[in-house]
Amino acid sequence: MLQNQTRYQTHTQMKPNLNEFVTTILNKSNHINHLKQLQSHLTTLGHSQTHFYVFKLIRFCTLKLSNLPYAHQIFNHIHSPNIYLFTAIITAYSSSQQKNNHLLTFSLFKKMLNTSIAPNHFIYPHVLKSSKERFLVGCVHSQIVKTGFLYYPVVQTSLVDSYSKVLRGLGDAQKMFDEMSVRNVVSFTALVSGYLRVGDVGSGLKVFDEMVERDVPAWNAVISGCTQNGFFSEGIRLFREMIFVAAACEGGFCKGNKPNQVTVVCALSACGHASMLQLGKWIHGYVYRHGFVVDSFVSNALVDMYGKCGCLELARKVFNMDQCKGLTSWNSMINCYALHGKCEGAIAVFEQMVGWGVRPDEVTFIGLLNACTHGGLVEQGCGYFNMMISEYKIEPRIEHYGCLIDLLGRAGRFDEAMDVVKGMNMEPDEVVWGSLLNGCKVHGRNDLAEFAAKKLIEIDPQNGGYGIMLANIYGELGKWDEVRNVWCKLKQQKSYKVPGCSWIEVDDQVHQFYSLDQSNPKTEELYSVLESLIGYRSEVMVEM
DNA sequence: CTAGGGTTAG
């Protein structure tokens with residue numbers, strides 16, 4: 001195709017219209033060989049160094065072929081690249097998801113400054129996006145001041161965003177934000193996201209409240225931030241408010257900001273964590289009523305929500321309907337089965353996934369190991385742990401060790417569990433010792449339980465729950481002096497156990513129950529119902 | 001050609 005066209009065009013309209021020719025060819029091409037042909041053609045015409053054409057080649061290479069190495073190669077062959085060429089290659093690197101490309105972006109920017117090319121305000125947002133340390137953001141910031149581009153709102157917003165994303169940079173982000181003379185919805189959203197990213201939900205919500213204009217990304221930022229920090233009911237409240245405001249705007253003068261796919265994904269995640277099946281189903285309906293494209297994000301969020309709300313069949317249905325299952329889809333489904341204690345299901349999905357040529361990642365193995373733990377498949381679980389390391393070259397993370405210890409501990413294989421703990425090249429965390437302790441309690445290994453409980457207290461001395469567990473272990477061992485000691489320490493420290501809590505959604509209302517609380521007037525009634533269910537008197541569960 | 005929002009994990 002290309003050859004014919006090249007020959008034809010060469011003789012007819014190429015000379016007066018080389019630009020049009022190049023554009024036409026690039027529009028119709030989708031392969032690197034086309035690019036190479038065009039490149040050599042341009043070279044024979046003496047245009048190998050013509051910035052204008054090289055710019056087009058690089059843009060084609062990055063945007064349509066997503067071939068950054070080749071684009072960089074083209075770039076490297078230019079003797080004196082101009083600002084356009086630098087911008088093209090820097091944009092490509094800064095928007096790439098590849099791991100260390102931000103370093104390349106940065107060195108290209110430095111190279112640009114060294115060749116004494118004056119930056120423009122278009123390039124700074126890209127450079128800032130690639131500045132992942134506070135020091136670097138500061139350097140670019142002063143560069144921006146020096147070159148006189150600080151007073152572009154877009155550049156300022158980029159600074160707010162970049163400062164808020166680096167370690168201990170939130171103060172600088174707030175300062176930058178305060179210095180802005182014109183703030184818009186984007187700059188506000190950048191700051192809100194910044195606070196929520198570091199877990200300062202209070203400040204994030206406060207800034208959000210101050211916003212006079214809120215668009216869909218602003219709502220999404222605040223809802224996702226709440227969800228990611230475990231503030232699920234706050235997230236749901238905001239989601240409801242968003243719908244309410246949008247409905248009130250309908251037909252009015254202001255623009256209604258209806259939830260989009262992103263909003264729905266965040267809200268579904270909150271529903272899953274809070275077991276709000278009714279709302280989750282309503283959102284599922286909303287997705288269809290509004291004809292949303294069920295992309296892999298929405299699909300995953302639905303699978304996860306149904307799984308967490310106890311509807312394994314519905315989760316599977318949504319999963320089956322997903323046309324382009326990505327890694328996360330498979331992980332979510334495996335996790336659903338693990339959550340429901342169906343290890344065969346999890347393993348079947350895992351095998352299907354591998355069969356489809358999808359490479360499992362570290363999350364996959366967390367789900368798989370949990371499934372094995374709940375199904376008591378010790379050998380198979382250990383096999384998967386080894387498979388992860390040797391076949392998939394995944395370095396076990398602390399979570400994987402937690403799963404493995406849980407697997408071995410529940411099976412009563414404490415020697416192996418301790419070997420694993422000793423062989424870890426990282427400090428065991430609460431999950432590791434907690435899993436071991438749990439296994440010890442099941443199998444009555446009080447000596448080892450004492451050891452694990454002491455480790456837990458070392459890690460988190462303020463957590464009264466661990467102290468109580470240690471006291472109970474001493475009780476089992478008949479060490480009554482030790483029991484008294486632990487209790488005295490607990491009282492001195494004023495550390496208490498966080499009461500166990502569960503909740504259920506009935507008629508759109510979430511009812512919460514704490515253990516051992518008797519403040520509800522219906523305590524006695526609840527108490528006897530519970531007794532009739534489990535056959536004996538247990539801790540009183542009372543609604544708060 | 002430039003700025004803010006997305007799922008899974010004991």
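Chain naming here is simple, since letters A, B, ... match the order of the sequence lines and numbering starts at 1 in each. Side chains are part of it too, since the values below use all heavy atoms of this structure and drop only hydrogens, waters and symmetry mates.
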Considering just the side-chain nitrogens and oxygens of A:Lys308, establish if one lies under 4.0 Å of OP1 or OP2 belonging to B:dA9. yes
Starting at atom CG of A:Leu339, determine the distance to atom P of B:dT8, rounded to an integer number of angstrom. 13 Å
Does A:Ser224 put a side-chain nitrogen or oxygen below 4.0 Å from OP1 or OP2 of B:dG6? yes
Please determine if a side-chain N or O atom of A:His273 lies less than 4.0 Å away from the OP1 or OP2 oxygen of B:dT7. no
Grab the CE-P distance between A:Met424 and B:dG10 for me, whole Å please. 16 Å
Checking all strands, does A:Arg214 fall into the base, sugar-phosphate, or nothing category for heavy-atom contacts under 4.0 angstrom? nothing
Between atom CD in A:Glu362 and atom P in B:dT8, what is the gap in whole Å? 15 Å
Report yes if a side-chain nitrogen or oxygen of A:Asn335 is closer than 4.0 Å to either non-bridging phosphate oxygen (OP1 or OP2) of B:dA9; otherwise report no. yes
Which part of the nucleic acid does A:Arg59 contact within heavy-atom distance under 4.0 Å: base, sugar-phosphate only, or nothing? nothing
Starting at CG of A:Leu268 and ending at P of B:dG5, how long is that distance when rounded to a whole Å? 20 Å
A:Gln228 vs B:dT7: side-chain N/O to OP1/OP2 distance below 4.0 Å: yes
Heavy atoms under 4.0 Å, any strand shown: does A:Ala218 hit a base, just sugar-phosphate, or nothing? base
Using a 4.0 Å heavy-atom cut-off across all strands, classify A:Val264 as base, sugar-phosphate, or nothing. nothing
Using a 4.0 Å heavy-atom cut-off across all strands, classify A:Thr328 as base, sugar-phosphate, or nothing. base
Quick check, are the ring centers of A:His141 and A:Tyr163 under 6.0 angstrom apart? yes
Counting heavy atoms from C-beta on, name the nucleotide in B:dT7, B:dG10, B:dT2 closest to the side chain of A:Val154. B:dT2
Classify the side-chain pair A:Ser275/A:Lys308 by whether it contains a donor and acceptor separated by less than 3.5 Å. no
Nearest-nucleotide pick for A:Tyr84, side chain only, options being B:dT7, B:dC1, B:dG4: B:dC1
Would you say the side-chain atoms of A:Arg316 and A:Tyr337 include a donor-acceptor pair closer than 3.5 Å? yes
Distance check: side-chain N/O of A:Thr189 vs OP1/OP2 of B:dA3, anything under 4.0 Å? no
Measure from the side chain of A:Pro125, starting at C-beta and using heavy atoms only, and say which of B:dG5, B:dT2, B:dG4 lies closest. B:dT2
Is the distance between the ring centroids of A:His126 and A:Tyr93 less than 6.0 Å? no
It should be established whether A:Arg410 places a side-chain nitrogen or oxygen under 4.0 Å from OP1 or OP2 of nucleotide B:dG10. no
Between C1' of B:dA3 and NE2 of A:His121, the distance in whole Å: 12 Å
Sugar-phosphate only, base, or nothing, as touched by A:Gln261 at under 4.0 Å among non-hydrogen atoms: base
Determine whether the aromatic ring centres of A:Phe55 and A:Phe52 lie less than 6.0 Å apart. no
Is a donor from one side chain sitting under 3.5 angstrom from an acceptor on the other, for A:Arg197 and A:Ser164? yes
How is A:Thr157 classified with respect to the nucleic acid when contacts are heavy atoms under 4.0 Å: base, sugar-phosphate, or nothing? base
So, does the side chain of A:Asn370 form a donor-acceptor pair with the base of B:dA9 at under 3.5 Å? no
Is A:Ser158 touching bases, backbone alone, or none of the nucleic acid, heavy atoms closer than 4.0 Å? sugar-phosphate
Under the 3.5 Å rule, do the base of B:dG5 and the side chain of A:Asp215 count as making a donor-acceptor pair? no
Nucleotide nearest A:Asn331 (side chain, heavy atoms from C-beta), chosen from B:dG6, B:dT2, B:dT8: B:dT8
Cut-off 3.5 Å, side chains only: do A:Ser130 and A:His102 have a donor facing an acceptor? no
Value in whole Å for how far the P atom of B:dG4 lies from CE of A:Met176: 15 Å
Closest to the A:Arg397 side chain: B:dA9, B:dG5, B:dA3? B:dA9
Check every strand shown and say whether A:Val216 touches a base, only sugar-phosphate, or nothing at a heavy-atom separation below 4.0 Å. base
Ignoring hydrogens and angles, are the base of B:dG5 and the side chain of A:Asn260 linked by a donor-acceptor pair under 3.5 Å? yes
Closest nucleotide among B:dG5, B:dT2, B:dA3 to the A:Val186 side chain: B:dA3
Rounded to the Å, how far apart are A:Phe385 CZ and B:dA9 C1'? 15 Å
Whole angstroms only, please: what is the CG-C1' distance between A:Leu302 and B:dG6? 13 Å
